[in-house]
There are 2 protein chains.
Amino acid sequence: MSDSSPQPQSLHQRILNDIQQLILTGAWQPGHKIPVEHELMKQYNCSRMTVSKVLTQLAHARMIERRRKSGSFVSRPHSQSAVLTIPDIKTEVAALGMPYSFEVLHKVRRRASAEERELLGFERAVSVLEIECRHLAGERPFCFEQRLINLEAVPEAAKETFEETAPGAWLLQRVPWTLAEHRIRATGAEARSAKLLGIERGAAVLTIERTTRSAQSTAITFVRLIYPGDQHELVATFSPERVGRSAQ
Amino acid sequence: MSDSSPQPQSLHQRILNDIQQLILTGAWQPGHKIPVEHELMKQYNCSRMTVSKVLTQLAHARMIERRRKSGSFVSRPHSQSAVLTIPDIKTEVAALGMPYSFEVLHKVRRRASAEERELLGFERAVSVLEIECRHLAGERPFCFEQRLINLEAVPEAAKETFEETAPGAWLLQRVPWTLAEHRIRATGAEARSAKLLGIERGAAVLTIERTTRSAQSTAITFVRLIYPGDQHELVATFSPERVGRSAQ
DNA sequence: CGATTCATTATGCCTATACATTAACGTTTA
DNA sequence: TAAACGTTAATGTATAGGCATAATGAATCG
């Protein structure tokens, strides 16, 4: 699992890895001054552009800070951060080695209520599609999904039955590049979700709420995913975001 | 709040933003072929290095894929992903505008049990420091922290009282650059945490477990943070990670 | 007719150079 | 002594070109 790339790839990568290593291992503590470009140039016997590119990348990744005339310095880590991937539910179930299925419980087209407009970040009236789904891993309820789709943004959704493809996956195909905001909470299950998930009322559930916007910041969809608490686990990895991604 | 940078900054940024926009808005769908470097060169009346740099950055951010001879293509989004920042608890409380405090409830040095060695990813016997803390926002319990520190990795921890600085912050100062793995769950509070958080047994709590490793992948610490479920909310942002960060 | 070779094309990576911008520092001047 | 000024070391941005590599298609040869 540990970086077992045989050829040390490009000069770029080598310099970048070297410096990154020094920082990650703590050999260069926060505040440490990184050799100036001309020194690195001599050290690696390369041109300035090359080292500059490397340092720029590191700066983008916020591992170093660059100050004109003074030089570059190892920056102080901002706080604990992680890259959290919330996969498609189908993928998630598949990863457990269980057969996946889902059912649409409810589907209505209507005007958004005041509260819903708030969630979607709208002032005006909008027409939305409300969908409720249940996702199953084998026979077992895996997740309860409550979704609102902004029909102004995705009018085709009105005609879709969502029998083949679940709303989430369908939307991802249709509007591939989106910005999203997530809120993750633990709550006690209220009556409806408890029943649908086959758990007791008040049992702990993990709730993930996501508002998805297109780049122009029009809200596309709002979704609330409710997972039985003790069954499900969100896994996130990494603190310092990887800069050079060599082997996938 | 929306990007109100007056001068369109560098040529770099402009090209990058242009292309990014086209992808994010969906004008260029996944699979779309991006103009070859020579075309972009002509289009922006600049040198090849400049466009190459831009495309390289986009490739790093995984928004495009580059194939020799074939050209560059808009890549398919992998799945929903987000950048989740789990801040320092002190910062978190401060953000709520509440006075922060914490207390050390328990602190023992001992050998790690088999189960704990598992958590830390150790085969051999190791000596650990076990600490339990309670974090408060005002008078209200905010978070219950259970922590193990690997004393082989951070021997100084044995002498530390953790009265000034909470263990999390203390460690971050000491071993600044780390990799971490997070697991997030919703569970019912068991007796001890319920009592300490002033909630009922079985009430929903948000549990975040984190194993922190240094770059050489030696485990530094394992921590379990338990938050009262309905009070606390984890917020995560962004799907496509931002490439160009202009205004800090 | 099929296999090999070869040129073309487009990316990947690097060098060398240039000028712009900034900020720290030292020197001069009021 | 302090403000004003110039110098210079560092980064920031860009140009122009080079060789390497991989895929594709066309030309050539057995």
Side-chain angles (χ1 to χ4, degrees), chain A residues 5-20 23 28 31-75 243-248, chain B residues 5-20 23 28 30-75 242-248:
Chain A
S5 34
Q7 286 103 329
Q9 73 279 68
S10 67
L11 184 50
H12 255 118
Q13 287 293 318
R14 230 191 75 217
I15 304 179
L16 196 141
N17 286 344
D18 282 5
I19 297 180
Q20 209 172 212
I23 296 174
W28 287 358
H32 182 275
K33 177 166 177 177
I34 285 164
V36 296
E37 297 191 345
H38 276 98
E39 270 189 63
L40 288 171
M41 230 171 117
K42 264 186 274 176
Q43 223 178 97
Y44 287 96
N45 191 34
C46 65
S47 79
R48 219 195 105 205
M49 268 300 301
T50 307
V51 299
S52 172
K53 213 168 169 182
V54 169
L55 294 180
T56 304
Q57 278 188 69
L58 283 167
H60 271 149
R62 306 228 168 148
M63 290 191 79
I64 68 169
E65 276 164 35
R66 313 195 69 184
R67 280 196 292 281
R68 281 180 167 145
K69 163 75 186 174
S70 332
S72 306
F73 302 85
V74 178
S75 59
V243 182
R245 8 202 149 195
S246 30
Q248 180 31 315
Chain B
S5 34
Q7 286 104 330
Q9 74 277 69
S10 66
L11 184 48
H12 255 121
Q13 286 292 319
R14 231 190 75 218
I15 304 179
L16 197 141
N17 286 344
D18 282 6
I19 297 180
Q20 209 172 213
I23 295 174
W28 288 357
H32 183 276
K33 177 164 178 178
I34 286 164
V36 296
E37 298 192 343
H38 277 98
E39 270 189 63
L40 288 171
M41 234 171 113
K42 264 187 274 175
Q43 221 181 98
Y44 286 97
N45 192 31
C46 67
S47 78
R48 223 193 102 203
M49 264 302 298
T50 308
V51 299
S52 170
K53 213 168 167 181
V54 169
L55 294 181
T56 305
Q57 277 188 70
L58 284 168
H60 270 149
R62 304 227 168 151
M63 290 192 78
I64 67 170
E65 275 165 34
R66 312 190 71 182
R67 281 195 292 280
R68 278 191 167 144
K69 161 74 189 172
S70 335
S72 306
F73 301 85
V74 177
S75 59
R242 228 70 181 94
V243 182
R245 8 198 149 200
S246 33
Q248 183 29 311

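Lettering of chains follows the sequences in order, A, B, ..., and the numbering in each one begins at 1.
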**Q** Output all residues satisfying ring-ring contact (aromatic ring centres under 6.0 Å, His included) with B:His32, sequence neighbours left out; order by chain, then residue number.
**A** B:Trp28
**Q** How long is the line joining NZ of B:Lys42 and P of C:dA10, in whole Å?
**A** 10 Å
**Q** When rounded to the nearest 0.5 angstrom, what distance separates CG in B:Asn45 from CG in B:Leu40?
**A** 12.5 Å
**Q** How long is the line joining CD1 of B:Ile64 and P of C:dA10, in whole Å?
**A** 16 Å
**Q** Tell me, do A:Met49 and B:Met49 make a side-chain contact under 4.5 Å, heavy atoms counted?
**A** yes
**Q** Quick one: pull up CD in B:Glu65 and OG in B:Ser72 and give me the separation to the nearest 0.5 Å.
**A** 10.0 Å
**Q** Output the distance between atom OG (B:Ser52) and atom CD (B:Glu37), rounded to the nearest 0.5 Å.
**A** 4.5 Å
**Q** Say you draw a straight line from OG1 of A:Thr50 to CG of A:Leu16; how long is it, rounded to the nearest 0.5 Å?
**A** 12.5 Å
**Q** CE of B:Met41 versus C1' of C:dT11: gap in Å, rounded?
**A** 13 Å
**Q** Taking only N/O atoms, report every protein-nucleotides 10-14 of chain D pair under 3.5 Å with atom names and distance.
**A**
residue: D:dT11; atom: OP2; partner: A:Glu37; partner atom: N; Å: 3.2
residue: D:dT11; atom: O2; partner: A:Arg68; partner atom: NE; Å: 3.3
residue: D:dG12; atom: OP2; partner: A:Arg66; partner atom: NE; Å: 3.3
residue: D:dG12; atom: OP2; partner: A:Arg66; partner atom: NH1; Å: 2.5
residue: D:dG12; atom: O4'; partner: A:Arg68; partner atom: NH2; Å: 2.5
residue: D:dG12; atom: N7; partner: A:Arg48; partner atom: NH2; Å: 2.9
residue: D:dG12; atom: O6; partner: A:Arg48; partner atom: NH1; Å: 3.2
residue: D:dA14; atom: OP1; partner: B:Leu11; partner atom: N; Å: 2.7
residue: D:dA14; atom: OP2; partner: B:His12; partner atom: N; Å: 3.4
residue: D:dA14; atom: OP2; partner: B:His12; partner atom: ND1; Å: 2.9

**Q** Rounded to whole angstrom units, what separation is found between the CG atom of A:Leu16 and the P atom of C:dC13?
**A** 12 Å
